[in-house]
A.B. asks: 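The following block contains the structure, expressed as structure tokens.
This is a predicted model, so every value here is computed, not measured. Chain naming here is simple, since letters A, B, ... match the order of the sequence lines and numbering starts at 1 in each.
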Amino acid sequence: MTTNDSRFVSDRQIISALGSLAASAPVTLPERVFARWASAPSRLGEVFVAFTGAGVQFVRSSESVHGDVEEFAQEYRARFARPLQQAGTVPAGVLPALRGRPARNLRLDLAGLTAFEQAVLNATRRIPAGQTRPYNWVAREAGSPRAVRAVGTVLARNPVPLLVPCHRVVRADGAIGQYTFGPVHKEELLRGEAVNLDEIRSLARHGVHYLASDTTGIVCFPSCRDARRITPAHRQGFNTLAGAVAAGYRPCRTCRPGVEELGA
DNA sequence: CCCGTGACACTCC
DNA sequence: TGGAGTGCCACGG
């Protein structure tokens, strides 16, 4: 295979080399003082994006700042206490991420946030497109299972909406919950990712918050990729995870609806 | 340091 | 069946 020939450099090696170049590049004074901003298209229309050499720090829809970059810059300064300078383009990975495509090369600058805030945002980041998770799931994944309300507080101040997909965090009772840019946009985003909100609501009305397969013995969140493939005849609905476990089901390893110990 | 405040969840009627 | 009450944890003033 040509790509394994030692005379050639693989893409992986190039990327790795570029990565170390970026890391060792000298940080100039203006770079330390200024963060930069640029506008970009997103699923919610134009957004403004602020970033440093470490990654993206702040995202706001143009709509939410009334189309006024100055208002965006003020909001940014209020939170990060740094001046902004215009840049030509957004960093790598931002454009696909704003379109809802997972971008491996997207870098976020979350320094300055508390450990808890970072844990919440990182857990939220692991929710796949087209799926939802409840606030209590984020709390558990973030290592503070009882800090459910605190999760809401953190997400309410998510500095990088869309990039950290907080629109995928919904209430455990099936309601959609609140959103930085308003619940209407939250619903738009989820529908755009083909989340079947009508089915989720219909199930919730009947008290069903989990779906299990009696062939695999696994229980999932209804939006889980694996749950959507359960043949209707083998699909079992449950109100609580404990109920499903009591009936002999174990939590799905993909969507992780609860701790493994419950299933063991 | 105490106290109030939340993009929530659970338990009761 | 759903709305109020209560518990919770992290932050900010």
A.B. asks: Give a yes/no on whether any side-chain N or O of A/Asn136 is located under 4.0 angstrom from OP1 or OP2 of C/dC8.
C.D. replies: no
A.B. asks: Select from A/Arg157 and A/Val148 the residue whose nearest nucleotide in DNA chain C is closer to the 5' end of that strand.
C.D. replies: A/Val148
A.B. asks: Quick one: A/Phe116 CZ to C/dC8 P, roughly how many Å, whole number?
C.D. replies: 16 Å
A.B. asks: Is it true that A/Arg168 and A/Glu187 make a salt bridge, defined as a side-chain N closer than 4.0 Å to a carboxylate O?
C.D. replies: no
A.B. asks: Could you check how far CZ of A/Arg171 sits from P of C/dG3, rounded to whole Å?
C.D. replies: 11 Å
A.B. asks: Counting only side-chain heavy atoms from C-beta out, which of B/dA7, C/dA10, C/dC8 sits nearest to A/Arg146?
C.D. replies: C/dC8
A.B. asks: Measure from CG on A/Asn239 to C1' on B/dA9 and round the result to the nearest Å.
C.D. replies: 13 Å
A.B. asks: Look at all strands and tell whether A/Ala172 reaches a base, only sugar-phosphate, or nothing, counting heavy atoms closer than 4.0 Å.
C.D. replies: sugar-phosphate
A.B. asks: Take atom CZ in A/Arg157; do more than 12 heavy atoms of anything else shown fall under 6.0 Å from it?
C.D. replies: no
A.B. asks: Please check if A/Leu108 and A/Phe72 belong to a single hydrophobic cluster, counting links between Ile, Leu, Val, Met, Phe, Trp and Tyr side chain heavy atoms closer than 4.5 Å.
C.D. replies: no
A.B. asks: Within the 4.0 Å heavy-atom criterion, would you say A/Thr180 contacts the bases, only the backbone, or no part of the nucleic acid?
C.D. replies: base
A.B. asks: What does A/Tyr135 touch in the nucleic acid at a heavy-atom separation under 4.0 angstrom: a base, only the sugar-phosphate, or nothing?
C.D. replies: base
A.B. asks: By the 4.0 Å heavy-atom rule, please label A/Ala147 as base, sugar-phosphate, or nothing.
C.D. replies: sugar-phosphate
A.B. asks: Of A/Thr153 and A/Arg149, whose closest DNA chain C nucleotide lies nearer the 5' terminus?
C.D. replies: A/Arg149
A.B. asks: Heavy atoms from C-beta onward define the side chain here; which of B/dA7, B/dA9, B/dG6 lies closest to that of A/Ala150?
C.D. replies: B/dG6
A.B. asks: Between A/Glu46 and A/Ser39, do the side chains contain an N or O donor and an N or O acceptor separated by less than 3.5 Å?
C.D. replies: yes
